[in-house]
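Reviewing the structure listed below.
Below, chains carry the letters A, B, ... as their sequence lines are ordered, and counting in each starts from 1.
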Protein chains: 2
Amino acid sequence: MPKKRTLPYVLLGLINDKQHLSGYQMVQEFKHEISDFWTASHSQIYPELQRMTDDGWITTVTPDTQPDANRNQTYYALTSTGHDVLLDWLREPLTQKDTDLFALKLFFIKTSDSPLLKPLLAQQLTLSQNRVTYLKSRKETVFQSQTDIDSHYGHFLTLSRGIERESNYVLWLQHLLETL
Amino acid sequence: MPKKRTLPYVLLGLINDKQHLSGYQMVQEFKHEISDFWTASHSQIYPELQRMTDDGWITTVTPDTQPDANRNQTYYALTSTGHDVLLDWLREPLTQKDTDLFALKLFFIKTSDSPLLKPLLAQQLTLSQNRVTYLKSRKETVFQSQTDIDSHYGHFLTLSRGIERESNYVLWLQHLLETL
DNA sequence: AAGAGCATGTAAAGTGTTACATGATTGC
DNA sequence: GCAATCATGTAACACTTTACATGCTCTT
C-alpha cells in the first residue's frame, strides 16, 4: 500500500477555513501559520491544486469582494465533494505512525463544539498513553544498572526526555478533555 | 546549497557505539532503538555503507570474536577519518530548522563528562526559549479576542499545546544543565 | 524605467519507500 | 526437503526541494 498523501488534505483544510483562497495565499500560510505541522513549497502547491481541480475537489472562483485587486490570482473554493473528502480525512483514526497528523487535524477544527474534536483528542490520548508505557518499558529494559546509564548517557537522556514529553502530553490532553 | 544529509552520520554514530556493526544489525537498530529519531530501510543503508566505504569513513572488518557465526554478514568499523567526521558533525551548531537533530546527536553522546554534552544542551535551550517567545507572540497576535478563539478553536489549541510542550522542554533542559 | 516583490508554472535533482530479487542458513 | 528468516543488493516509484523561467504590478 502506498503511503497516504497529506498535502491535498492540508490544502482542503486551508481553503475550508477561508472560503476561498489563492495558491499564493496558501504559500504564505505555509510560511507562517502551519509551518509547525506541515511545509510545502509553491512548486508542490500549484500542481497539486491542478490535480485537485481535475478530481473535482475544488473549483476556481472569482470572489465578489475585492473587485479588481490582485486580478491575476486564481482563487479556489471547495466543492461539496471536496468538503466530504476533508471530513472523511478528519474522521480517519490516528495511527501510531504519522504522529504529527494529530496537530494538523486539530488545526483544522474550527469550533469547540465540533463532533470531531473529542474523538480526535481521545485517540491521541490513547496513543500517547501507549507511548509512555512503551518508553518506560524500554527504559527499564535497556538501563538496568548505573553502568548502563553511564556508558550510554545520551541514549538514557533521550529516553527520559521522551517519557517526560509524552507524559506532559497525556496530562494536557486529559485536562482538556475534562474541561470540554 | 543542498540540504545536509543525515543518514551517514547516524550510521557513523551507530558504528562508533558498537565498535563494529553489520548492515543487517543497523537495520535492526533502526527497527528498535533509534526509530524515534530517525528511520531508514535496508535499501537506503546498504548503498550508503558502500558510499561511506568509498569515501574512507568506514572499512569492512572481520571481528575477532564470533569466529564462524554469521559469516555472511559484512561488518564495518570507523576509520580515523570517519571518527573525525562524526565529531565534526556533533560539534556543528543546531539551527532552528532540523529540530530533531538535537535528540539524534544527544543519542550518540556516550558519557556525561563528554565535552560535547553541555554545548549541545545549551544550544537547544536557547532554541527552545526562542521558540516559546515566538509561539507566545503568535498567540497574542492571532487570538486577541474570545471570538477569535471560538472561531479557530483548533488552531488556538495547537498554539497553546506548542507553548506548553516547548516550555516543558525548557524546564527539562534547565534542570539537566543545573545538575551536571 | 528599473528594480522589488507578486503570482504562477515547469524542470531537475535529491531523498526515501516499496517492490523485486537472490543466495545462505536455520528449524521442523 | 521445505519454509522461514537471515543478509544483501537493485529497480521503480513517490515525494520534496532547488533551480529555472515568465509575466504582472507597484513603488521610486
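- Separating the OH atom of B:Y24 from the P atom of D:dG9 is a distance of 14 Å, rounded to the nearest angstrom.
- Between the C1' atom of C:dA7 and the CD atom of A:Q50 lies a distance of 15 Å, rounded to the nearest Å.
- At most 12 heavy atoms of other shown residues, nucleotides or ligands fall within 6.0 angstrom of atom NZ in B:K136.
- For the pair A:H42 NE2 and C:dG5 C1', the interatomic distance rounds to 14 Å; values are reported in whole Å.
- Taking the six-membered ring for Trp and thresholds of 30 and 60 degrees, B:W89 and B:Y9 have nearly parallel ring planes, at less than 30 degrees apart.
- At a cut-off of 3.5 angstrom, counting only N and O atoms as typed in the model, there is a donor on one side and an acceptor on the other between the side-chain of A:S43 and the base of D:dT18.
- Taking the six-membered ring where tryptophan is involved, the planes of A:F107 and B:H155 are tilted, since the angle between them lies from 30° to 60°.
- Between B:Y46 atom OH and D:dC6 atom P the separation is 11 Å, expressed in whole Å.
- B:L21 places its CG atom 10 Å from the P atom of D:dT8, with the value rounded to the nearest Å.
- With respect to B:K105 and B:E92, no salt bridge is recorded, no charged nitrogen being found less than 4.0 Å from a carboxylate O.
- Across the protein-nucleic acid pair, B:W38 atom CH2 and C:dT15 atom C1' stand 10 Å apart, rounded to whole Å.
- As rounded to whole Å, 16 Å separates atom P of C:dA19 from atom CD of B:Q44.
- As rounded to whole Å, 8 Å separates atom C1' of C:dC6 from atom CD of A:Q73.
- Residue B:T74 places no side-chain atom within donor-acceptor reach of the base of D:dA7, judged by atom type and a 3.5 Å distance cut-off alone.
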